[in-house]
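The sequence lines fix the lettering, A, B, ..., with proteins before strands; numbering per chain opens at 1.
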Amino acid sequence: MSMTSAFDVRTVANRYAAQLLLCCRQNPIHIKYSMARTVHAHMIASGFRPRGHILNRLIDVYCKSSNLNYARKLFDKIPELDIVARTTLVAAYSAAGNLKLAREVFSGTPLSMRDTVCYNAMITGYSHNNDGHAAVKLFGDMRRDNFRPDDFTFTSVLSAMALVADDEKQCQQMHCAVVKSGTGFVTSVLNALVSVYVKCALSPLVSPSSLMSAARRLFDDMSERDELSWTTIITGYVRINDLDAARKFLDGMTEKLGVAWNAMISGYVHHGFFHEALQMFRKMHLMGVQEDEFTYTSVISACANGGLFKLGKEMHAYILRKEAEPTPDFSLSVNNALITLYYRCGKVDEAREIFNKMPVRDIVSRNAILSGYVNAGRIEEARFFFKEIPDRSLLTWTVMISGLAQNGFGEEAMKFFNQMRLEGLEPCDYAFAGAITSCAVLGALEHGCQLHTQLICLGHDSSLSAGNALITMYARCGVVEAANCVFLTMPYVDSVSWNAMIAALAQHGQGVQAIELFEEMLKEGIQPDRITFLTVLSACSHAGLVKEGSHYFDSMCGSYGTTPGEDHYARMIDLLCRAGKFSEAKDLIESMPFEPGAPIWEALLAGCRIHGNMDLGIQAAERLFELMPQHDGTYILLSNMYAKEGRWLDVAKVRKLMRDRGIKKEPGCSWIEVENKVNVFLVDDSMHPEVQAVYKYLEQLGLEMRKLGYVPDTKFVLHDMESEHKEYALSTHSEKLAVVFGLMKLPLGATIRVFKNLRICGDCHNAFRFMSKVVKREIIVRDGKRFHHFRNGECSCGNYW
DNA sequence: GTAGGGTTAG
C-alpha cells in the first residue's frame, strides 16, 4: 500500500469538509442525513478516517436526524474522541431527548479531559429535558471539582433552576453566586436570574408580588437590556395574574419589541380575555410593531377559544395575503392554530384540508385533527387516524380515551387507557378523567373507585377535569353521596361541576334539591350555560315542578341571553306532558321558531304513553316514523303505550311492523357485579348453567308471588310476547335475569346494581318497581344514558319510561 | 463543542 502524503490527506479532508458543508445547507434534516451518509460511505470506502470538525459535523447530522442508534454505533467506539467531539455528542444526544446516552458520554470523559464547555452542555441537557434538580446538582459537582463556571454555565443552570425553584432563599443564594463569579453584568445571566425570581413568584410558599418586585428591581438595575429582559417581566406579571401591571409595563416601553407584545397577547388569551388580546393585536398592527407566527397563533387561538369564528377566518385571509411564501416553521404553528379554529366551529373537513396541505406536520397537528374527529363524534375516522399516528403523545391517548368514553364506547376507552399504561406512559389528570368517564358509561363503580384512589395517590385529586368526571361517575353508578362529597371537596369548580352535580341530584329523583343547588349556583354568580338549563329542566320534569320549569325556560332567553335550542324545547314538552298538560305542550310546539324535529315528537309520545293519550301519541309516532323510520325507540314507545292500556293486539301489530321493516331487536346484554365478579347475562344464553339457576329461582319466586296474589293483577308479566318463558312471573329480558341473580346472591336490604347496554322497556320497569317492594332490595338499573332507581315500589329516574 | 422567551392539541 502506498503512503498517502500529508498534502493528499489535507486535500481529501478539504473535499469531504466542503461536501458536508454543502449538504448541511438549508436542507430538511432527512435530506441532510442521507447526503451526509453518502459522503460518509465514500470516506469509509476510501479508507479516510473522519476526525476533528469533519467528525463533529457528521456527529451533529446523525444525531439531529434522531437516528441515535446509528450515531452510537459509529462514534461511541472511537476511543480517541476529543473533548470537542464528546461535547457535540453530549449536546446532540440530549437535544434528541436521550439523557441516558448523553450522561454515558459525559461520565466516560475523564476529569483530566473535561472543561467548562462540556459541563455546560450537560447542564443544558438536563435543563432542556426538564430535570432541574440534576442540572443544579451537576453545577455543584462542577464547582467542587474546581471548574470555573462562566456566563454560559449560569445562564443554563439558572434556566434549569427556574423549573424547580420554589423559595426566595434559593434565589438569593444563586444571586450571590452570580455576583461573586463576576458574571453579574452579563445580560443573558441576569435575564435567567430574573426568570428564576418570576418562577418563584408562582410558588404557593411565597407572596407573588414581593418576588415579582424583586425581579423588577433586578430588571431596573440592569445596565443593558435586550428583548428577552422586557419579555420576561411581562410574562412574570402575566403568570401572577397581574395583567394590568403587565400592560402598564408594556405601555411604558419605548422600543417596539414584537416578542413583548406577543407575550402580552398570549397572556390575555391564557386568562380568557380574548377581546383584549384582539385589541392588542389591532394596536400592534397600527403602531407597526413586527408581527410574526407567534402573534398569529395567539390571535387565532383567541378567536378559536372565544368562539369568534368570523374574525378568525378574516385573520386566516389576512395571513394568507401577508405571507405569500411562509417558511415551514411559520406555517406549522399557524396552521396548527388554524386547524383548531376550524374544528371548533364545526368544520372538521376544512381543518383536515389545511392539515393535508401542510408542508410539515407534527404531533400537535395530528392531535388537533384527532380532537376534531372526536368532538364531531366521528369515531370511526378518529380510530383510523389514531392508528396512523406514529409518535403518539400522552395527549393523543387522552383525546382518544375521553373521546371514546364520551361517545359511549366505555369498554374500548378502558382498553385504550390500559394500553397506554402498558406502553409506559403515566396518565395525567385528563387521561384519568377520560377513564373515569368510561366507568360512568359502563357503570363500573368498583373500577371507578380504584381510579379515584390512584388519582389521589398520584396527586391529581385537585384536578378540575378529573373531579368533574368523578361527580358524573358516582352519580351514574348510583352513589349520589359520593358525587356530592367530590363536589364539596374540589378546590376549584366550574360550571361543568355545577351542572354535573345538579344532574346527579335530578337523576336520583331529588328534583327539589337539584333546583336548590341551581339557585345556589346563581347566587355564587356562576353563569349558567345551555347544559345547565337542560339539566334544570329535566330536574323540574322529574320532580313535577311545572311552574318552576316554565319560569326557568322563560328566564333563559330573558335574563341569561341564551336562545333555547330544540333540546330545551323537548325538555319543556316532556315536562308539560308528564304533568298531563297536553294542550300547553301543543301550544308550545306551535310557538317554536323552527320546525319540530324528532326530539320534540319523541318527548310528546313518551308523555302520551304515561297518560294513555292514545290519539296524540299515535300522531307523534306517525311523525317519528316519517322522520326516522328505522329508529327502534319509536316502536318500543308505541308498543309500551298500547301495553299500558292492555291493547295487546296493537302491541303485536307494532312488533309485526318492526319485523316487516327489518328493524332488528338488538341482542340485549346486562351485567351485574357481585363480590367483585362481573356476571354477564344474555337472553340467548338460556342453556348457560348460571342462567338455568336463575330460571329456577325465578320459577320459585313466581310461585311465591302467585301465592301472595301479585301475579294475576299484573299485566306486565305477559307483555313480552316473544318470550318463551312467559309462564314465569317475570319474562326473560337480560336485565331481569341479572336482577333475579342479584336477588339470589345479595342479602336483604342490599342494593342491586345492574347495567344494560340497551334501554330497558316498560314491562321491566313495572317489574322492578314491583320487585323492589316485594323483595325489599333497592334496585338500580343503568341503561345507555338513563338511570332508574327503584325503592319500595317507587321509581325515581331520569327517564321517559 | 455549550446558554436565555413569546405559540399551537384536551
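In this structure, CD1 in A/Ile300 is found 9.0 Å from OG1 in A/Thr340, a value given to the nearest 0.5 Å. Put simply, CD on A/Glu353 and NZ on A/Lys347 are 12.0 Å apart, with the number rounded to the nearest 0.5 Å.
Across all strands shown, A/Asp151 has no heavy atoms under 4.0 Å from either base or sugar-phosphate atoms. Within the 4.0 angstrom heavy-atom criterion, only backbone atoms of the sugar-phosphate kind lie near A/Thr88; the bases stay farther away. Using a 4.0 Å heavy-atom criterion, one finds that A/Ser333 contacts the bases of the nucleic acid, with or without backbone contacts as well. Within 4.0 Å (heavy atoms only), A/Ile369 reaches no atom of the nucleic acid at all. At a threshold of 4.0 angstrom between heavy atoms, the contacts of A/Arg225 with the nucleic acid are absent. If you check every strand for non-hydrogen atoms under 4.0 Å, A/Arg344 touches sugar and phosphate atoms only.
Taking the centre and axis of the six-membered ring of A/Phe386, the NZ or CZ atom of A/Arg392 falls inside the cone set by 45° and 6.0 Å. At least one test fails for A/Arg148 against the ring of A/Tyr119: distance under 6.0 Å to the centre or angle within 45° of the axis.
Other residues, nucleotides and ligands contribute more than 12 heavy atoms inside 6.0 Å of the NE2 atom of A/His271.
Annotation: proximity of residues 277-285 of chain A to DNA chain B (heavy atom, distance under 4.0 Å) is found for no residue. Listed in residue order, the members of residues 110-125 of chain A having a heavy atom less than 4.0 Å from DNA chain B are A/Asp115, A/Val117, A/Cys118, A/Asn120, A/Thr124.
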For residues 122-129 of chain A, run the donor-acceptor check on the side chains, cut-off 3.5 Å, and write out each pair with its distance to 0.1 Å, sequence neighbours left out.
unit_1   : atom_1 : unit_2   : atom_2 : d
A/Thr124 : OG1    : A/Asn120 : O      : 2.7
A/Thr124 : OG1    : A/Ser156 : OG     : 3.0
A/Tyr126 : OH     : A/Arg103 : NH1    : 2.7
A/Ser127 : OG     : A/Ser159 : OG     : 3.2
A/Asn129 : ND2    : A/Ser94  : O      : 3.2
A/Asn129 : ND2    : A/Gly125 : O      : 2.8

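A/Phe417 places a side-chain heavy atom less than 4.5 Å from the side chain of A/Phe432.
For A/Asn262, counting side-chain heavy atoms from C-beta on, the closest listed nucleotide (B/dG6, B/dA9, B/dT2) is B/dG6.
Between the side-chain ring of A/Phe294 and the base of B/dT7, no stacking contact exists by the 5.5 Å and 30° definition.
Side chains of A/Ser333 and A/Thr297: a donor-acceptor N/O pair is absent below 3.5 angstrom, by distance only. With hydrogens and angles left out, the side-chain atoms of A/Arg344 and A/Asn305 include a donor and acceptor closer than 3.5 Å.
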